[in-house]
A.B. asks: 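Submitted below is the structure of interest, expressed as structure tokens.
Within every chain, numbering begins at 1; the chains are lettered A, B, ... in the order of the sequence lines, protein sequences first and strands thereafter.
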Amino acid sequence: MTTVDFAAWSCPVPLRDTPAVVMGHGGGGAMSAELVEQLFLPAFGASPDDLGDSAVVTAGGARLAFSTDSYVVKPMFFPGGSIGDLAVNGTVNDLAMSGATPLFLSTAFILQEGTDLAVVGRIAQAMGLAAAAAGVRLVTGDTKVVDSASGDGVFVTTAGIGLVGPGVEIGPRRARPGDVVLVSGDIGVHGVAVLSCREGLSFGTSVLSDTAPLAGLVAAMLGSGGDVRVLRDPTRGGVAASLNEIARASGVGVSLSERDLPVPAAVRDACSLLGLDPLQVANEGKLVAIVAPGAAEQVLAAMRAHPLGAGARAIGTCVAEHPGMVVARTALGGTRVISLPIGEQLPRIC
Amino acid sequence: MTTVDFAAWSCPVPLRDTPAVVMGHGGGGAMSAELVEQLFLPAFGASPDDLGDSAVVTAGGARLAFSTDSYVVKPMFFPGGSIGDLAVNGTVNDLAMSGATPLFLSTAFILQEGTDLAVVGRIAQAMGLAAAAAGVRLVTGDTKVVDSASGDGVFVTTAGIGLVGPGVEIGPRRARPGDVVLVSGDIGVHGVAVLSCREGLSFGTSVLSDTAPLAGLVAAMLGSGGDVRVLRDPTRGGVAASLNEIARASGVGVSLSERDLPVPAAVRDACSLLGLDPLQVANEGKLVAIVAPGAAEQVLAAMRAHPLGAGARAIGTCVAEHPGMVVARTALGGTRVISLPIGEQLPRIC
Amino acid sequence: MKYLDEFSDPVLARRLLDQIHAVTTRPWAMMEVCGGQTHSIIRHGIDQLLPEGIELIHGPGCPVCVTPLEMIDRALAIASRPGVIFCSFGDMLRVPGSGRDLFTVKSQGADVRVVYSPLDALEIAKAHPDREVVFFGIGFETTAPANAMTVHQARRLGVRNFSLLVSHVLVPPAIAAIMESPSCRVQAFLAAGHVCSVMGTDQYPALAEKYQVPIVVTGFEPLDILEGIRQTVVLLEAGRAEVGNAYPRAVPDSGNLPARAMLEDVFEVADRTWRGIGTIPASGWRLSSRYREFDAEERFAVGDLRTDESPLCRAGEVLQGHIKPHECAAFGKECTPRNPLGATMVSSEGACAAYYAYRRLELVSL
Amino acid sequence: MKYLDEFSDPVLARRLLDQIHAVTTRPWAMMEVCGGQTHSIIRHGIDQLLPEGIELIHGPGCPVCVTPLEMIDRALAIASRPGVIFCSFGDMLRVPGSGRDLFTVKSQGADVRVVYSPLDALEIAKAHPDREVVFFGIGFETTAPANAMTVHQARRLGVRNFSLLVSHVLVPPAIAAIMESPSCRVQAFLAAGHVCSVMGTDQYPALAEKYQVPIVVTGFEPLDILEGIRQTVVLLEAGRAEVGNAYPRAVPDSGNLPARAMLEDVFEVADRTWRGIGTIPASGWRLSSRYREFDAEERFAVGDLRTDESPLCRAGEVLQGHIKPHECAAFGKECTPRNPLGATMVSSEGACAAYYAYRRLELVSL
Amino acid sequence: MSIAERDGTLMADVDFGGVRKDVCLQYVPDATVGEYVVVHVGFAIQRLDEQSALQTLANFEQLGILEEEFGAK
Amino acid sequence: MSIAERDGTLMADVDFGGVRKDVCLQYVPDATVGEYVVVHVGFAIQRLDEQSALQTLANFEQLGILEEEFGAK
Ligand code: SF4
Ligand code: SF4
Ligand SMILES: [Mg+2]
Ligand SMILES: [Mg+2]
Ligand SMILES: [Mg+2]
Ligand SMILES: [Mg+2]
Ligand SMILES: [Mg+2]
Ligand SMILES: [Mg+2]
Ligand SMILES: [Mg+2]
Ligand SMILES: [Mg+2]
Ligand SMILES: [Mg+2]
Ligand SMILES: [Mg+2]
């Protein structure tokens with residue numbers, strides 16, 4: 001069918017402040033952040049201080065990272081992977097972004113009545129393989145079934161526990177003016193791979209999702225001895241969202257150079273066709289890192305030596321100017337602001 | 001509206017072995033167990049050995065319990081509580097059933113586009129209060145939004161981490177012939193409370209859900225010094241499901257006395273009206289315990305001294321006969337088998 | 001609940017059992033007609049506690065079980081029509097039609113809804129004037145007054161988009177058919193209590209006389225069933241083929257006159273096929289000509305239905321009391337509640353379902 | 001992508017900029033007509049790099065922005081009809097109608113679908129013969145051939161349940177209206193490249209002559225825009241009110257003859273209201289009488305629409321180039337992409353949206 | 001329990017001992033608050049005769065007493 | 001790129017440099033495999049004149065060289 005479901009096409013920001021949940025609340029951008037900061041955190045009595053990819057807590061003398069994510073990607077199978085891969089790698093990566101070694105995952109399924117069991121089986125298989133590849137164990141889980149009007153195929157929620165080494169202090173508030181912004185490789189890949197098989201929008205592409213577990217890459221980066229201050233995997237909302245969040249949390253500005261951004265041709269072309277900005281497109285096997293000025297070289301070297309960091313490069317710096325704002329120098333030499341996406345250009349991308 | 005949605009009424013076991021997910025797979029009974037044992041465990045490379053309420057793992061020298069559950073109850077607000085209460089207490093309880101002290105929870109939301117934000121707020125508030133009452137912290141989370149055809153209000157998935165004390169070995173394989181079966185209070189309460197406000201089935205009742213955090217009760221039981229061997233919170237599938245699972249895991253038979261079952265009149269009447277067996281109806285603030293023969297007295301005393309165990313009583317024993325089967329002596333003196341529910345009499349009960 | 005607890009009292013049950021034991025001198029085989037009675041007997045273990053020689057033969061009084069296959073298939077065809085909202089009691093959803101059931105059809109997108117009462121279906125019709133709402137009206141005389149009132153209301157309120165798919169069955173012709181069967185071993189009947197609440201007892205003396213069988217109107221709680229059995233044994237021991245009433249608190253001799261009048265108006269007697277048994281003449285009700293406009297069979301032409309019953313299923317023999325469920329080779333093997341081959345394994349009032357749920361401890365094959 | 005990369009080359013861009021600087025001796029104000037050009041200019045920072053005196057005035061070439069409020073409201077009314085599948089490009093969903101938008105209507109249950117092409121809408125119509133499928137045909141001359149072909153196909157294939165809600169607008173009359181405005185400061189035009197790919201250049205010499213303005217056909221990539229500006233400055237400096245072509249690779253003088261023939265057949269010129277600007281005579285297309293049966297305005301009688309524009313919004317002035325977005329008092333305050341008051345803040349080709357996304361660093365109010 | 005007319009049909013909010021449900025009383029029109037009825041799929045189909053119930057229970061109580069008094073049969 | 005008829009309309013599977021999409025070629029009927037077209041909402045609306053493109057780029061390359069050779073203006 002050649003219909004494009006609305007949700008797959010444009011960013012449904014609310015016309016006016018609505019009293020209801022809109023797709024934009026799930027976009028990982030400003031609306032998601034507001035929902036968390038204004039509705040969830042006050043209700044939970046939690047502080048907005050961290051809001052990192054995972055929480056770091058202490059139990060029984062052990063310093064643990066704890067994170068969770070739900071996966072509602074549509075379609076469930078896309079070039080390069082499936083919802084199962086995302087469900088394992090996504091949570092593994094959130095743990096790794098706190099500098100933790102991921103150890104255990106839980107998996108909770110919400111299945112739509114009528115879903116082919118073979119589909120569920122494929123997803124489970126993918127998860128098993130991804131967990132083995134990531135070096136984590138799937139140790140506990142749950143399954144719920146909802147009637148066909150209340151679900152859509154398979155939703156997966158994973159939570160993960162990781163071990164944080166002594167002295168490791170990585171978090172979004174640690175960036176300082178002068179720090180260097182690194183990215184581990186090509187950006188915009190996952191989003192384009194998923195979009196390419198959205199109904200009505202199908203376009204042929206050679207792009208495969210970059211979903212991958214990054215704990216090993218992070219370990220190599222930490223092992224380089226350089227001062228890695230912030231790590232983030234730029235999933236929903238892309239690099240734009242991640243850098244804006246870090247800029248706000250740390251109270252610094254971020255200055256990027258557009259010509260240094262590693263955007264592969266196929267991503268650039270697809271984004272051009274669809275009217276998207278690669279900086280706002282989701283990645284599932286990449287990280288951005290903010291490192292101390294003197295550490296950039298050694299960290300980059302460690303990244304490039306790792307299979308998942310072969311394309312690593314510096315893309316900008318943190319600055320004292322325009323705190324909380326990300327600004328790019330265009331290829332032509334002009335400047336433009338890289339906005340925090342508001343809602344969601346690409347709903348259900350992960 | 002006086003329609004009863006199918007899902008709220010009868011147990012949709014498949015006519016024949018179907019290739020698709022059916023509501024029964026979410027019932028916490030035999031079909032759920034098969035899905036886990038035949039599809040998920042092999043794919044995950046995990047062993048069917050445990051299948052307890054939570055997994056017990058070691059990280060950084062600490063012995064942790066780890067559990068997760070998704071909550072898809074419908075309606076989201078019912079007499080005595082809400083999906084928020086269940087989401088916190090349910091996971092707290094699964095940790096407690098491994099003898100752990102629950103510490104941290106993660107909360108992942110899947111929101112249906114169009115849901116009132118006020119509803120989301122109420123649920124979040126309930127979770128905050130429940131967490132405080134249970135002595136746990138909500139430390140990390142996630143929010144996803146799905147289009148209105150793909151969701152239904154609010155789905156919540158919580159995962160929890162708890163600390164298991166040294167020497168605590170509680171699990172479903174530890175029951176032995178001669179052990180005493182205890183229950184902490186009235187059964188069938190939660191399911192009846194939820195059913196009473198299902199569309200088309202609404203009946204007035206004084207029954208309020210019994211949702212409650214049981215970690216304190218468990219601590220009191222363990223503190224009594226008695227040998228507590230198995231703990232389980234009988235949620236989906238009720239006491240029938242829990243005892244059948246324990247009987248199978250431990251390879252013992254369970255012998256119950258119907259007249260000792262604490263079924264409140266309102267529950268009995270509602271079940272009679274609806275054609276349900278109270279033993280198969282979900283509980284959210286009760287536990288069953290299997291204790292060594294000599295320990296029953298002291299454990300019961302400790303339970304009755306705790307607010308959530310005031311109605312505790314012995315309801316049967318483990319026996320060497322009919323291993324894996326639960327048999328009850330009827331009030332009249334006959335016997336009947338208490339079956340493991342197959343699918344789900346009460347879909348989306350938690 | 002008032003008058004349920006009291007009639008479950010274990011002490012009095014013991015007393016009744018002792019009496020039954022005391023008055024039984026010979027083996028007797030009696031049939032409880034109603035599936036609800038079967039369920040209660042198996043669930044409470046009453047059959048285990050009776051004297052050795054008393055055999056309870058389970059009867060065909062399970063409306064879900066006896067709804068003919070053609071009618072199920074007709075329901076499936078109607079439910080699959082676009083624009084139709086098909087309403088039914090919950091039990092019917094899992095009853096096997098020819099190769100599928102209402103639940104399957106629902107999961108494939110048909111609008112099938114479970115209701116508690118036919119009035120709920122009428123409400124749906126009022127709420128959705130653009131849809132055709134069909135209610136699956138199965139059941140014995142107990143349920144027929146509800147359907148009658150609903151159709152009556154539909155006409156009175158001018159609700160045109162409502163219709164009834166009728167498959168009512170009557171107890172007295174079933175009793176006659178059972179007794180006419182050459183292999184019949186039944187020596188007495190426990191008549192269905194709530195059927196008699198509606199219809200009274202005046203159809204039974206003729207049957208008792210013709211077939212020389214005691215017929216005792218019996219309720220559903222343990223004490224009611226035990227008293228029904230006790231009175232029956234007393235009559236059998238005395239050789240008295242009479243009608244008794246062990247459920248007087250809910251069964252006056254005349255039954256419910258307003259209900260009977262409504263039934264007279266809305267329904268008329270017709271031949272009816274009982275699944276697994278065959279056609280029993282004049283054993284069912286269909287809508288009378290005055291109400292024929294509300295008949296879903298007329299409103300929806302579903303064409304020829306090619307029915308396809310499982311060859312393994314012996315539910316008809318179970319329903320007529322010729323065999324017990326576990327004597328069917330498929331019981332617990334090919335046929336389980338999970339993969340039911342016949343309606344008696346599906347319905348909460350079906351004998352196969354009751355045996356499977358409650359009696360696997362005693363049944364060797366499991 | 002071939003011929004996009006090459007026309008983004010930063011070295012050549014520098015060369016073009018240097019030339020522009022070299023040839024500019026006086027201040028000049030030129031208008032880029034097309035919203036896509038506006039977006040490209042702001043996104044790449046071209047306006048920041050031009051000589052101080054060159055002002056780019058953003059024009060009304062954003063079809064989403066100029067679709068009249070009445071037409072949006074008409075779309076909302078049609079989309080809300082049961083049985084209708086309303087198809088549209090994605091941008092249109094968030095454009096404010098009177099108090100709501102297509103997205104709201106969709107979330108309230110209307111079947112609104114975003115499509116990439118009008119052919120997708122026709123496919124939907126073929127797949128759903130029981131539904132009325134309407135495509136929202138907005139756009140300049142660039143998009144009209146697609147809509148024309150689709151309607152042509154609908155007739156040829158006999159797809160009766162398809163219709164077009166037409167709101168096409170034409171560039172040359174807009175240019176004339178801009179120049180007729182008393183407060184007009186525009187001294188030259190960068191004509192819309194892809195409009196000319198279809199229509200050719202023959203409508204522009206008369207305009208250039210009448211209003212004494214250079215008109216240079218310009219593309220969208222950075223080098224195309226810079227070349228368009230360069231040629232325009234050269235003409236302005238020389239006082240030559242002529243038509244130039246800075247996009248020859250995609251614009252032959254005759255445009256696309258098969259497309260123009262189809263447009264002649266399917267559409268006819270009509271007066272059209274431009275949102276925020278007003279009615280410009282003979283500035284739009286509607287379906288010709290031969291195709292009137294596919295006109296959604298005829299097929300759906302939506303009655304009187306009471307339109308309700310935000311009193312704060314000055315989008316009309318932005319579209320005519322009288323003000324820049326940040327000169328609107330609501331910009332960035334009451335009006336943001338999150339809570340847009342006008343279409344220019346919604347559309348990816350709208351000037352307000354472009355300024356908000358890319359220029360908040362420079363704009364004091366933020 | 002409250003009795004009211006709805007669509008011309010006598011309806012009641014019946015208490016099933018802690019469980020309350022709407023029931024049509026058209027077939028038991030003389031039912032009054034405080035009485036008990038037999039309900040089936042939302043319809044009261046018969047009045048419950050309390051005297052008869054108590055008598056039956058009394059009979060059960062008496063069962064066997066004569067035998068006990070005068071010796072088992 | 002493959003060109004085929006569908007419903008009597010000339011359609012092609014067009015390669016946008018790594019991204020392939022269906023496009024209607026009815027307005028550019030002489031387009032052949034290997035050529036480039038301008039596409040808008042699923043329709044090719046004009047052929048891309050490669051020679052012209054190369055010439056334009058060559059012009060850009062030449063820009064300023066004369067000035068450089070002969071001095072800035
Ligand atoms: S056990 Fe199954 S197959 Fe056998 S008679 Fe009963 S329903 Fe039919
Ligand atoms: S900023 Fe907003 S309100 Fe102002 S003109 Fe632009 S769209 Fe209208
Ligand atoms: Mg996280
Ligand atoms: Mg994540
Ligand atoms: Mg669980
Ligand atoms: Mg839904
Ligand atoms: Mg992350
Ligand atoms: Mg668990
Ligand atoms: Mg649980
Ligand atoms: Mg997240
Ligand atoms: Mg759905
Ligand atoms: Mg549990």
A.B. asks: If you compare all heavy atoms of B:L103 against all heavy atoms of A:A59, which two are closest, and at what distance to 0.1 Å?
C.D. replies: CD1-CB, 3.7 Å
A.B. asks: From B:T58 OG1 over to A:L163 CG, what is the distance, rounded to the nearest 0.5 angstrom?
C.D. replies: 11.5 Å
A.B. asks: Do you know which of B:V146, B:T143, B:L35 has the most heavy-atom pairs under 4.5 Å to chain A?
C.D. replies: B:V146
A.B. asks: Side chain, backbone, both or neither: which part of A:A131 has a heavy atom under 4.5 Å from chain B?
C.D. replies: neither
A.B. asks: Quick check on B:T91 against chain A: is it the side chain, the backbone, both or neither that has a heavy atom closer than 4.5 Å?
C.D. replies: neither
A.B. asks: Just so I know, are the side chains of A:E113 and B:H25 near enough to count as touching, which here means a heavy-atom distance under 4.5 Å?
C.D. replies: no
A.B. asks: What part of A:T107 gets closer than 4.5 Å to chain B, counting heavy atoms only: side chain, backbone, both or neither?
C.D. replies: both
A.B. asks: Side chain, backbone, both or neither: which part of A:L138 has a heavy atom under 4.5 Å from chain B?
C.D. replies: both
A.B. asks: Does any heavy atom of chain A fall under 4.5 Å from the side chain of B:V72, the backbone, both, or neither of them?
C.D. replies: side chain
A.B. asks: Once you round to the nearest 0.5 Å, how far does NZ of A:K144 lie from CE of B:M23?
C.D. replies: 11.5 Å
A.B. asks: Keeping A:D142 on the side-chain end and B:T68 on the backbone end, is there a donor-acceptor pair under 3.5 Å?
C.D. replies: no
A.B. asks: Among A:G60, A:S70, A:A118, who wins on heavy-atom pairs under 4.5 Å with chain B?
C.D. replies: A:S70
A.B. asks: Side chains of A:F44 and B:V139, heavy atoms from C-beta outward: is any pair under 4.5 Å?
C.D. replies: no
A.B. asks: So which residue, A:S106, A:G45, A:S32, ends up with the most heavy-atom pairs under 4.5 Å with chain B?
C.D. replies: A:S106
A.B. asks: So which atom in B:S150 and which in A:D152 form the shortest heavy-atom distance, rounded to 0.1 Å?
C.D. replies: OG-OD2, 3.3 Å
A.B. asks: What part of B:T101 gets within 4.5 angstrom of chain A, counting heavy atoms only: side chain, backbone, both, or neither?
C.D. replies: neither
A.B. asks: Measure the spacing between NZ of A:K74 and CG of B:D147 and express it to the nearest 0.5 Å.
C.D. replies: 5.5 Å
A.B. asks: Between A:T157 and B:A108, which heavy-atom pair has the shortest distance, and what is it?
C.D. replies: CG2-CB, 3.6 Å
A.B. asks: Most heavy-atom pairs under 4.5 angstrom with chain B, which of A:L111, A:V164, A:I110?
C.D. replies: A:I110
A.B. asks: Tell me the residues of residues 122-129 of chain B whose non-hydrogen atoms fall below 4.5 Å from those of chain A, in number order.
C.D. replies: B:A124, B:Q125, B:M127, B:G128
A.B. asks: CG of A:L64 to CZ of B:F104: how many Å apart, nearest 0.5 Å?
C.D. replies: 7.5 Å
A.B. asks: Determine whether A:V120 and B:V21 make a side-chain contact, defined as any pair of heavy atoms from C-beta on separated by less than 4.5 Å.
C.D. replies: yes
A.B. asks: Contact between A:I161 and B:I161 at the side-chain level, heavy atoms closer than 4.5 Å - yes or no?
C.D. replies: yes
A.B. asks: Ring-plane angle category for A:F155 and B:F155, please: parallel below 30°, perpendicular beyond 60°, tilted otherwise.
C.D. replies: tilted
